[in-house]
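What follows is a set of notes on a single structure, which appears directly below.
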Amino acid sequence: MSISTRRAHPPNDSPDYQSSRLRAPKQPLRVLPGRLGELTAPLLAGETVGALDNDLTRQHDAEPLGERITISGRVLDEDGDPVSGALIEVWQANAAGRYAHRSDQHPAPLDPNFSGAGRCLTDADGGYRFVTIKPGAYPWRNHPNAWRPAHVHFSVFSPAFAQRLVTQMYFPGDPLFGQDPIFNAVSGDDAGQRLVARWSLELTEPEWSLGFAWDIVVAGREATPLDDDAPG
Amino acid sequence: MGATGILMTLGLTPSQTVGPFLAIGLTWADGPAVVPAGSPGAIRISGQVFDGTGSPVPDAIIETWQADAQGRFAHPDDPRPDSTSTFRGFGRCATDDEGVYAIVTVKPGPLPTGDGRTEAPHIDVSIFARGLLDRLVTRIYFPDEPEANGDDPLLRSLPQSERDTLIAVFDGENLRFDIRLQGPDETAFFEL
């Protein structure tokens, strides 16, 4: 399998992102040829995913505060083929920009009606859909007066270990992009824009919620390694 | 797409860091139990994740993927006709305040490479953490397999010092596999 996912991913050695300085490996990455263990991955379609697990606004007695939104799209491989049965997990801050996590010290209110986690499985067309509220921006200490653009964390399992992806989805037109070292660690405007959802009239529900469309593209897959007699 | 490798039509979605609050979205109660504790042949593999100063990393998460004890995957792309494994093969454990993770699993069998060679028993590992914009990939090999490790194509491709970082060590009846993100004994990491 000739997957070279590195061409899209930001380098771990990105010193503008302060947290990377003591954590990014300094030695060059070695090549792991894609063999059986890299072509396969856990099949998690059988994992229990509740019918409401993709609706972050209905996990408590009352609705969370914030702008109600739908985020929907497809998981595709780079050949355009849908990835069905993929487990997607999301997590995010609340509308005030605060995570329901003991380590989040941002003095913004917690929302008792928002936990901020959801999951779903992609359908036969690779489609997924989450209902949530728009997360707030929040400050962090990367540099003076640093603020993260609003984002939702996405984790995607695909049928190959080599395709595993964890990323963040951003919202269009965010004024904070220019000073965010995490977003800007992605080289090339095109690649960066692939992290930004598109406002969608189709996904916007009248008198109810805004809609955002975002497709996720994971590495393609080729023949099984046992069919391939090239030395690795 | 076939083996010709043409017509890459869609740009890949870049990765981003899991950030410090990954536990909200990624923690599973049964994540560390690749097999239930007490299962026949169950082994415990634990270790610490360290940063470049040798400090533990308390906000990482480790994911493991492996074959069953016979070297089979519960996956349609395992092309061997007798692959009837139902083994989940997947483990996931966030590090604690001391940077410690642990999984309970079984030792996997060796794997064919497709060109007549054999990969020594091993576990593929992904590491995610704040400060890592992309996951890190490494492998756990087993200390009681000196011969198989000596013939393993991936280990053979590495200098001895890096090879040593991939082989777990005995810790009583359990195995220990520490991960050093940076520094003099930096773990060998891979790109796919």
Side-chain angles (χ1 to χ4, degrees), chain A residues 3 5-6 8-10 12 14 19-20 22-23 25-27 29-32 34-43 76 78-80 89-91 99 101 103 116-117 153 155 161-162 164-168 182 185-186 190-191 194-195 216-217 219-220 222-226 228-229 231-232, chain B residues 1 3 5 8-26 51-53 57 65-67 73-75 77-80 88-90 111-115 119 124 126 128-137 153-154 157-158 162 181-182 186 188-192:
Chain A
I3 288 181
T5 51
R6 293 284 150 189
H9 297 326
N12 275 317
S14 294
S19 294
S20 74
L22 290 173
R23 294 186 169 188
K26 293 296 187 193
Q27 300 304 313
L29 297 175
R30 302 294 185 176
V31 175
L32 177 57
R35 296 197 178 101
L36 202 47
E38 291 71 46
L39 249 187
T40 53
L43 299 178
L76 304 166
E78 60 191 327
D79 310 316
E89 297 163 294
V90 298
W91 70 103
Y99 286 90
H101 189 287
S103 301
H153 295 268
S155 159
F161 178 82
R164 180 87 176 93
L165 177 69
V166 178
T167 187
Q168 301 178 24
I182 294 176
V186 177
D190 283 358
R194 287 181 221 137
L195 296 174
I216 299 165
V217 180
E222 291 188 354
T224 64
L226 295 190
D228 176 2
D229 57 9
Chain B
M1 186 178 66
M8 298 289 185
T9 51
L10 298 175
L12 293 169
T13 303
S15 81
Q16 294 272 269
T17 181
V18 291
F21 309 125
L22 60 101
I24 296 172
L26 298 182
D51 73 10
T53 67
V57 174
W65 171 240
Q66 64 171 92
F73 290 99
H75 193 287
D77 288 335
D78 187 332
R80 295 164 290 178
R88 184 173 83 174
F90 178 69
L111 298 177
T113 60
D115 60 359
E119 291 188 297
D124 275 355
S126 301
F128 302 89
R130 172 178 65 84
L132 297 176
L133 288 158
D134 190 10
R135 70 165 167 167
L136 297 177
V137 171
L154 188 73
S157 74
L158 301 174
E162 293 184 31
L181 301 179
Q182 201 186 80
E186 185 175 306
F189 297 109
F190 297 92
E191 60 185 336
L192 289 154

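Letters go in sequence order (proteins before strands), and every chain restarts at 1.
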Handout entry: Region of F21(B) in contact with chain A, defined by heavy-atom distances below 4.5 Å
Key = both
Exercise for the section: Measure L158(B) against the heavy atoms of chain A and call it side chain, backbone, both or neither at under 4.5 Å. Expected result: side chain
Exercise for the section: Taking the side chain as every heavy atom from C-beta outward, state whether V31(A) and E191(B) have any pair of such atoms under 4.5 Å apart. Expected result: yes
Fill in the blank from the handout: Only residue of V57(B), L136(B), L133(B), T17(B) satisfying side chain to side chain contact (heavy atoms under 4.5 Å, CB included) with R23(A) is V57(B)
Exercise for the section: State, with a plain yes or no, whether a side-chain heavy atom of F161(A) is found less than 4.5 Å away from one of V137(B). Expected result: yes
Practice task
Under 4.5 Å heavy-atom distance to chain B, tell me which part of V166(A) shows up: side chain, backbone, both or neither.
Solution key: both
Handout entry: Validation row: E38(A), D124(B) side chains within 4.5 angstrom (heavy atoms)
Key = yes
Practice task
Give a yes or no on whether the backbone of L12(B) and the side-chain of R194(A) come within a donor-acceptor separation of less than 3.5 Å.
Solution key: yes
Problem - Residue part contacting chain B, namely of S155(A), when any heavy atom lies under 4.5 Å - result: side chain
Handout entry: Distance under 6.0 Å and angle within 45° of ring axis: R35(A) vs F73(B)
Key = no
Practice task
Could you tell me whether the side chain of L36(A) reaches within less than 4.5 Å of the side chain of R80(B), counting heavy atoms only?
Solution key: yes
Exercise for the section: Please look at Q66(B) and chain A and tell me whether the side chain, the backbone, both or neither of the residue comes under 4.5 angstrom of a heavy atom of that chain. Expected result: neither
Fill in the blank from the handout: The reported gap from OG in S157(B) to CG in L32(A) (rounded to nearest 0.5 angstrom) is 9.0 Å
Problem - E89(A) vs L26(B) side-chain heavy atoms within contact, under 4.5 Å - result: yes
